Number of protein chains: 2
Amino acid sequence: MDQSTKHILKREPAIRVNGSLWLESDGKRFFGPGPVELLERIAETGSISEAAKRMKMSYKKAWELVSALNERSVNPLVVPRTGGEHGGGSTITDEARELIDYHRHLRQRFAAFLAEETKNLKL
Amino acid sequence: MDQSTKHILKREPAIRVNGSLWLESDGKRFFGPGPVELLERIAETGSISEAAKRMKMSYKKAWELVSALNERSVNPLVVPRTGGEHGGGSTITDEARELIDYHRHLRQRFAAFLAEETKNLKL
DNA sequence: TATCGTTATATTTTTAAAAATATAACGGGC
DNA sequence: GCCCGTTATATTTTTAAAAATATAACGATA
């Protein structure tokens with residue numbers, strides 16, 4: 001922003017450019033920060049319910065996310081086991097790990113974009 | 001995305017990277033696409049109510065947005081006149097025009113970022 | 001076969017956001 | 001002084017999202 005645009009807005013704390021990013025199919029988002037973190041937590045804990053708990057998300061919502069992700073992907077991203085030892089559990093596939101990795105890099109580039117815009121802001 | 005990450009997701013229509021951008025103060029957004037368009041419509045029509053109508057936004061919400069914008073800015077962005085010919089009306093200030101212009105350019109840079117990411121996607 | 005914790009699913013309740021409705025204040029022009 | 005359309009504000013209603021609650025299926029293990 002050029003000098004003339006300064007001081008238009010109040011700034012008790014610093015003003016910054018921020019935003020959100022997601023993958024979109026058919027105009028609706030299906031792979032944003034939430035699903036990514038959920039996949040990571042499932043990988044960590046081996047359990048959808050425990051992953052949900054750590055994200056302070058209801059199990060229902062977590063399960064719906066997993067279900068939606070598996071439906072949209074050619075091959076499953078999450079493989080659930082029902083019953084058995086510990087009552088069951090879930091693992092994520094290599095493809096899920098690839099998606100997580102891609103999204104991590106994407107977020108890094110986005111963060112760099114936001115930081116650059118914020119740096120050049122000085123409202 | 002590298003070749004190995006291809007074909008993980010179904011793609012009836014094309015998959016693209018999309019996102020949203022806003023100015024943030026104290027952790028909460030206060031100047032996103034909505035307010036920008038509202039200011040533009042007010043400039044066009046000279047009326048908050050008419051601007052709201054064109055955006056299919058309730059007058060109440062539009063007025064609250066205007067009020068919030070004027071509160072956060074050092075000098076008003078919108079100058080309302082109550083009563084008088086045509087019952088009143090509103091105009092926007094030069095500072096509002098500056099903000100709109102800045103946001104337009106910001107969106108252009110963001111659109112370029114999204115286009116580049118989408119181009120390099122090929123999920 | 002009884003137990004366990006998880007997956008899977010339906011139903012209800014709560015909460016929050018949005019929309020709708022109503023009404024007063026305003027001031028120039030007739 | 002009345003009319004008009006807009007600003008300004010409160011209240012109610014509707015809608016949608018989120019949360020909470022409940023329960024069955026599952027299968028290895030003991």
Side-chain angles (χ1 to χ4, degrees), chain A residues 20 22 24 27-73 75-93 96, chain B residues 20 22 24 27-73 75-93 96:
Chain A
S20 178
W22 59 84
E24 192 174 286
K28 48 195 264 187
R29 67 182 75 178
F30 71 96
F31 201 73
V36 175
E37 184 179 350
L38 183 61
L39 287 181
E40 291 172 338
R41 296 273 179 279
I42 291 173
E44 284 172 25
T45 64
S47 155
I48 295 176
S49 69
E50 183 58 27
K53 200 175 294 176
R54 295 199 183 179
M55 291 180 68
K56 284 171 186 164
M57 172 188 293
S58 72
Y59 170 79
K60 176 190 167 83
K61 191 173 177 182
W63 183 86
E64 285 171 347
L65 270 177
V66 166
S67 176
L69 288 174
N70 276 347
E71 276 209 358
R72 284 188 191 271
S73 59
N75 298 310
L77 301 181
V78 177
V79 180
R81 290 178 305 108
T82 167
E85 51 182 354
H86 308 116
S90 297
T91 57
I92 72 172
T93 64
Chain B
S20 177
W22 59 84
E24 193 174 285
K28 48 194 264 186
R29 66 183 74 178
F30 71 97
F31 200 73
V36 175
E37 184 179 349
L38 183 62
L39 287 180
E40 290 172 337
R41 296 272 178 281
I42 292 173
E44 283 173 25
T45 64
S47 157
I48 295 176
S49 68
E50 182 60 26
K53 200 175 295 176
R54 295 198 183 180
M55 290 181 68
K56 284 170 185 163
M57 174 187 291
S58 73
Y59 170 78
K60 177 190 167 80
K61 190 172 175 182
W63 184 87
E64 285 172 345
L65 269 177
V66 166
S67 177
L69 288 174
N70 276 348
E71 276 210 358
R72 284 186 190 272
S73 60
N75 299 310
L77 302 182
V78 177
V79 180
R81 290 176 307 105
T82 166
E85 51 182 353
H86 308 116
S90 297
T91 58
I92 72 172
T93 64

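Computed from a predicted model, the values in this text were never measured in an experiment. The sequence lines fix the lettering, A, B, ..., with proteins before strands; numbering per chain opens at 1.
Between dA8(C) and W63(A), a contact under 4.0 Å exists linking OP1 or OP2 to a side-chain N or O.
In the helix from dT1(C)-dA30(D) to dC30(C)-dG1(D), the terminal helix axes, each the rotation mapping four pairs' C1' atoms onto the next four within five end pairs, subtend 10°, rounded to 10°.
Along DNA chain C, the nucleotide nearest to P80(A) and the one nearest to H86(A) differ in position, and the one closer to the 5' end is contacted by H86(A). Both T82(A) and K56(A) lie near DNA chain D, and the one whose nearest nucleotide falls closer to the 5' end is K56(A).
Here dA18(D) is the nucleotide among dG29(C), dT11(D), dA18(D) with the atom lying nearest to any side-chain atom of K61(A).
If you check residues 43-51 of chain B against DNA chain D, the residues with a heavy atom closer than 4.0 Å are S47(B), I48(B), S49(B), listed by number.
Just one of L39(B), I92(B), L38(B), V78(B) meets the side chain to side chain contact (heavy atoms under 4.5 Å, CB included) condition when paired with L69(B); it is L39(B).
When the side-chain hydrogen bond (donor to acceptor under 3.5 Å, both in side chains) test is applied to T93(B), no partner is found at least two apart in sequence or on another chain.
One interatomic measurement links the two molecules: CE of M55(A) to C1' of dA19(D), which rounds to 16 Å at whole-angstrom precision. The OH atom of Y59(A) sits 11 Å away from the C1' atom of dG5(C) (whole-angstrom rounding). dA10(D) atom C1' lies 11 Å from atom CD of E64(B), rounded to whole Å. K53(A) places its NZ atom 13 Å from the P atom of dA20(D), with the value rounded to the nearest Å. Across the protein-nucleic acid pair, L65(A) atom CG and dA17(D) atom C1' stand 14 Å apart, rounded to whole Å. The NZ-P distance, from K60(B) to dA17(C), rounds to 13 Å in whole Å. Separating the CZ atom of R81(A) from the P atom of dT6(C) is a distance of 11 Å, rounded to the nearest angstrom.
For T45(A) and S47(A), the side-chain atoms include no donor-acceptor pair closer than 3.5 Å.
S90(A) comes within 4.0 angstrom of sugar-phosphate atoms only, judged by non-hydrogen atoms across all strands, and of no base.
A salt bridge does not link E50(A) with R41(A): every distance from a Lys NZ or Arg NE/NH1/NH2 to an Asp or Glu carboxylate oxygen is 4.0 Å or more.
In this structure, the side chain of N70(A) does not engage the main chain of P76(A) through any donor-acceptor pair within 3.5 Å. No donor-acceptor pair under 3.5 Å is formed between the side chain of S67(B) and the backbone N or O of W63(B).
Taking each heavy atom of N75(A) and S73(A) in turn, the nearest pair found is O-OG, 2.7 Å.
For the pair V66(A)/I42(A), a side-chain contact is recorded, criterion being any heavy-atom separation below 4.5 Å from C-beta on.
Atom CD of E37(A) is separated from atom CZ of R54(A) by 11.5 Å, given to the nearest 0.5 angstrom.
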